[in-house]
There are 4 protein chains.
Amino acid sequence: MPEADEKRKRAHGLLTRQALLVAAGTVFSRVPYADARLKDIADEAGISQGSLYFHFGNKADVAKAVLEEQQARMAGVLLRVTESERRGLERLIRLFSGLAELVATDELVQAGIRLAVQPAIDVEDEARTPYASWVLVAAEILRDGVEDRSVSGDVPIGQMAEFLNEVFVGAQTLAGLEDKWASLPARVRAAEPMIRLLLSPQREHGAA
Amino acid sequence: MPEADEKRKRAHGLLTRQALLVAAGTVFSRVPYADARLKDIADEAGISQGSLYFHFGNKADVAKAVLEEQQARMAGVLLRVTESERRGLERLIRLFSGLAELVATDELVQAGIRLAVQPAIDVEDEARTPYASWVLVAAEILRDGVEDRSVSGDVPIGQMAEFLNEVFVGAQTLAGLEDKWASLPARVRAAEPMIRLLLSPQREHGAA
Amino acid sequence: MPEADEKRKRAHGLLTRQALLVAAGTVFSRVPYADARLKDIADEAGISQGSLYFHFGNKADVAKAVLEEQQARMAGVLLRVTESERRGLERLIRLFSGLAELVATDELVQAGIRLAVQPAIDVEDEARTPYASWVLVAAEILRDGVEDRSVSGDVPIGQMAEFLNEVFVGAQTLAGLEDKWASLPARVRAAEPMIRLLLSPQREHGAA
Amino acid sequence: MPEADEKRKRAHGLLTRQALLVAAGTVFSRVPYADARLKDIADEAGISQGSLYFHFGNKADVAKAVLEEQQARMAGVLLRVTESERRGLERLIRLFSGLAELVATDELVQAGIRLAVQPAIDVEDEARTPYASWVLVAAEILRDGVEDRSVSGDVPIGQMAEFLNEVFVGAQTLAGLEDKWASLPARVRAAEPMIRLLLSPQREHGAA
DNA sequence: AATGAATGAGGGTTCATTCAT
DNA sequence: AATGAATGAACCCTCATTCAT
C-alpha cells in the first residue's frame, strides 16, 4: 500500500514541523529574535539544523510561523469566550482573563508576544499588525454591552476600547519583565475592579 | 601652558563621549540591542570604532550609559512636576503627560525604553529595575492626593498605582509600535478622562 | 504478464534517465560545475532529488554522463562528414561548420564544453582528454587532403592541425562568452577564407 | 610624528592588500571561482579570514580586483610593445608572444583568465568584457601594418583581427588545459608562420 | 523506481573586541 | 585621545548525499 506509506511519511513530516514550532516557541520566548539561535531550536526539537530548512525557508519564516500560531491560539480564546458568555461586560472580563491565562501558560504565545513587540528587520509587518484588531474586538464587545445594559451607555466606545487595550498590553509588558508572564493573571484580576468601575452602568461619564 | 592643553583635551574627550551617547541613543532607539552595531554608533558620532573603546568598555557599557541617562531625564520630569504642581491628582496627570512628551521627543529616552523592555543577555537587571520604582512614585502621589482631597479616599492606593503604571506602559508600548512614540502624548491625553473618573473623590469605590 | 510490466518499468527507467541527462545538459550549459545544483537538474527533469541517485551515483557521475554523450554527438558529426565528403579540404571545412552548428544548437554539447574546459575537482581527466584527439583527426584529414591535392603539400601537417584546433577552440570560447555559442557558426564561416588561404595548394609555405 | 605613523599604517595596509591580491591570484588560478575558498586565500596571504573583509567587501570583490589587476598587466604588455616596435607586423607578433610570456609566468594573470572565462554569478560583466577590446587593438595594429607595408593591403582588417583573436584565445584555452599555460609561448611561436603567411604583403587575399 | 525527510560538513559573512602606532 | 588594521568566534544557510518507506 504505497499510498498509506505516503500518508505516514507526510504525517511524520508534519509532526516534525510541529515539534519545530514548539521548540521555536521555547527559544523565542526566552531571548530576542536576534539572539535566538537556530541551532538551539533544532536541538530543542531533536533534529539537525539542516533539517530545519526542509520545513522552513529561513529564520524569519520560523518566526512568522510562530506569530501565526500565536494569533490562532489567541483568536481561539476569543471564540470560546464569545460562545460561552452572553453579556458584554462579562465577556470582556472573561476575554481578558482568558488571554491572561493563555499568555501565562503557553510558551509559544509568549514567543509571539516577544516577536511582535520588537522591530526585527526581517519579520515583516504583516505578522505584527494584530494589535490593532484587538481594539476593534474590544469596541465590538463594548457595543454589545451597551445594548444588553451591562455597560453604561455613556462610555465613549472607541476611546475606552483603546484604553482597555493599553491596560492589557501594559499588564502584559510588565508581567513579561517581572516573571515571564506568570503574574499576568493576577494583574488582570487586580485590574478588574477598575474596569468594572469604568464600565458599569450606574455612573455617568463626564468626558473632557 | 601644558595644563590648559590638558583641560582642553579632557573637555574634548567629554564632548566625544557625549556625542557617542547621543549616537547610541539614535541607534538603540531604532533597533533591538542585538541588532545595534557599534560601527553604526561610531559612524553616527563621527569617530572610529576603535575610539569607542576608549570611552566605554564594551557594548553593554554603552547600553548601560544610555539607560542611566534615560533614567536621569525621566527623573528630571518627576522633579519638575513635583515642584510645579501642588495637588495630587493634577500632579499625577502632569507627570504622565510630561513623561509622554519626553518619550515622544527624546531619542535617547526611546532608546532606554527599548533597552529596558528586552531581555538583553548582558545588560543586567541593575538597569532595568526602575519600572518598579514608578509604581512607588505613583503610590506616593496618590497618597498626597487623598490627603489634599483631590483623590477619593476610597481608592485602593497600591492597586491603583499598579494599574496606572500598566496604563502608561501599555500606551508607551503601543505608541512605540505604532509610530515610534509620536502618538504617545495623544494616547495619554485620551486616557485622562478615565483616570480622572477613577480617582475623582465624588464616587465611592466598592470594588472587591 | 509480469514480464511485460518489467519491460515497461525498465523502459520507463531509461526514459527518466534520458530526461535527467537532458536536464543536466540544460543546467551544466548555463553555470559552472560547482554552481550547478542537483536540485535544479532534478526539478528540470521533473523528478525528485532522491530519485536522481537511483540513476546516477553522484554529481560527478552525472557530469561524466553528459561528457560522454557530448563526445558521442561530436563524433557523430565526424562520422557523417567523413562519409559525405571526398576531398580533404572540403571535409575539413565541413567538419568545422558541422561541429559549429552542433555546438550552437545542442545544449547538452554546450554543457560538455563547459565541463571539459574547467578543472572540476571530481570530474577526472578521463573525460576531458578528447581535445587532443581532435588534433589527430585534423592531421589525418590534412594528410588525405595532401594526397587528393586539395591541400598543399607544403603544409606542415602536425603544426597546422594544432593551429586549426586552436582556431576552432578559440572561436568556441569566444562564442560561448559572447552569446552562448549562437554566433559560433558565423565565426567559423568568417574564418573559412583564412583557412583556405593557408591550405590551398597554389601557394608555397616557407615556414621557419 | 603622528603623521608619519599614519603613513606607515596606511602603507602597511596596502601591503596586506597586495599580499591578499597575490594570494587570490594563486588560488583563483588553480580552481574555479565557486571552488575557491576565502580561507585558502587568507591562509596563503598569512592573515585571518576576517581581515580579508577589511580590504575587500566580499568574495566577488576579490575576484574583481584580480580581474582589474590582470587587465592592467596585460595592458602593460601592449604599452611596452607599442613603444618598442615600429612596424605593424612585428608589433603584432611581439604582442602575441609578450602576452603569451606573461600568461605563462604570471599566476595572477592566469587567475584573471580563469575568472573571465567562467560565468560566475556575482562577478559582473564590467570585468569580463575586455575580450572585445583586444580585437580592436589587433585591428588598429593591422591598419598600421598596412600603412607601413608590413601587412598586405588585401587583408580584411576586421575579420582578420577577429580571427587572430580566436587563435590566441584558442591557444590560451588549450595551454591552460594542457599544462597550466606553460606551453602557451611555444604554441604562439608555432603559430607565427601561419600568421606571417596570412599577413605578408606578397600574396593577394581572395576573401569570400 | 521513486519519494519525502533528514543529515552534516562546510562556506561566506558579520561583528565585538583588541592591538600597534 | 584616536585610528587603521587585525582577529576569531559564531551564525545562517546551502547542498550533496543518505535513509526509510
Side-chain angles (χ1 to χ4, degrees), chain A residues 1-2 4-17 34-40 42 47-55 57-60, chain B residues 8-10 12-17 34-40 42 47-55 57-60 62 122, chain C residues 8-10 12-17 34-40 42 47-55 57-60 62 122, chain D residues 1-2 4-17 34-40 42 47-55 57-60 62 122:
Chain A
M1 259 168 276
D5 276 14
E6 283 287 313
K7 259 183 203 158
R8 213 177 312 148
K9 222 186 289 181
R10 214 158 293 166
H12 185 254
L14 284 185
L15 274 187
T16 307
R17 196 194 139 96
D35 287 322
R37 304 288 157 237
L38 290 187
K39 179 183 191 325
D40 291 345
I47 66 166
S48 77
Q49 205 177 331
S51 283
L52 195 152
Y53 285 86
F54 183 84
H55 299 276
N58 52 30
K59 190 178 179 182
Chain B
R8 213 179 312 145
K9 222 189 274 187
R10 208 162 302 159
H12 183 250
L14 283 183
L15 272 187
T16 306
R17 198 194 137 95
D35 287 324
R37 307 290 161 232
L38 289 188
K39 179 186 192 318
D40 290 347
I47 66 167
S48 78
Q49 208 178 153
S51 295
L52 194 152
Y53 280 85
F54 183 87
H55 299 276
N58 53 30
K59 189 178 179 180
V62 180
D122 22 80
Chain C
R8 214 178 312 147
K9 222 188 270 182
R10 208 162 302 161
H12 184 249
L14 283 185
L15 273 186
T16 307
R17 199 193 137 93
D35 287 325
R37 307 289 161 232
L38 288 188
K39 179 185 191 318
D40 290 347
I47 67 166
S48 78
Q49 208 178 152
S51 295
L52 194 153
Y53 280 83
F54 184 86
H55 298 276
N58 53 29
K59 190 179 178 180
V62 180
D122 20 78
Chain D
M1 261 166 275
D5 277 13
E6 284 285 314
K7 258 183 204 160
R8 213 177 313 148
K9 220 186 289 179
R10 215 158 292 167
H12 185 253
L14 284 186
L15 273 186
T16 307
R17 197 194 138 96
D35 286 323
R37 303 289 156 238
L38 289 187
K39 179 181 192 324
D40 291 345
I47 65 167
S48 77
Q49 204 176 333
S51 283
L52 195 153
Y53 284 85
F54 183 83
H55 298 276
N58 52 29
K59 191 179 179 182
V62 180
D122 21 320

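So that the names make sense, note that chain A is the first sequence line, chain B the second, and so on, each numbered from 1.
- The phosphate of F:dA2 (OP1 or OP2) has a side-chain N or O of B:His55 nearer than 4.0 angstrom.
- Residue D:Thr16 places at least one side-chain N or O closer than 4.0 Å to OP1 or OP2 of F:dA6.
- In this structure, C:Leu14 atom CG and E:dA1 atom P are separated by 8 Å, rounded to whole Å.
- The heavy-atom pair separating B:Asn58 from B:Tyr53 by the smallest distance is CA-CE2, 4.0 Å.
- Here the P atom of nucleotide F:dA10 and the CG atom of A:Asp35 are 14 Å apart, to the nearest Å.
- Remark: DNA chain F takes part in the stems E:2-21 with F:2-21, each of 3 or more antiparallel Watson-Crick or G-U pairs, criterion distances under 3.5 Å.
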B/S/- contact track for nucleotides 7-12 of chain E, protein heavy atom under 4.0 Å: BB--SB
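- Heavy atoms only, all atoms of each residue included: C:Ala34 and D:Ala34 are closest at CB-CB, 3.4 Å.
- A:Ala36 approaches A:Lys59 most closely through the heavy-atom pair O-NZ, 3.0 Å.
- Checking the phosphate oxygens (OP1, OP2) of F:dT21, no side-chain nitrogen or oxygen of A:His12 falls inside 4.0 Å.
- Here the straight-line distance linking atom NE2 of C:His55 with atom CG of C:Leu52 works out to 8.0 Å at 0.5 Å rounding.
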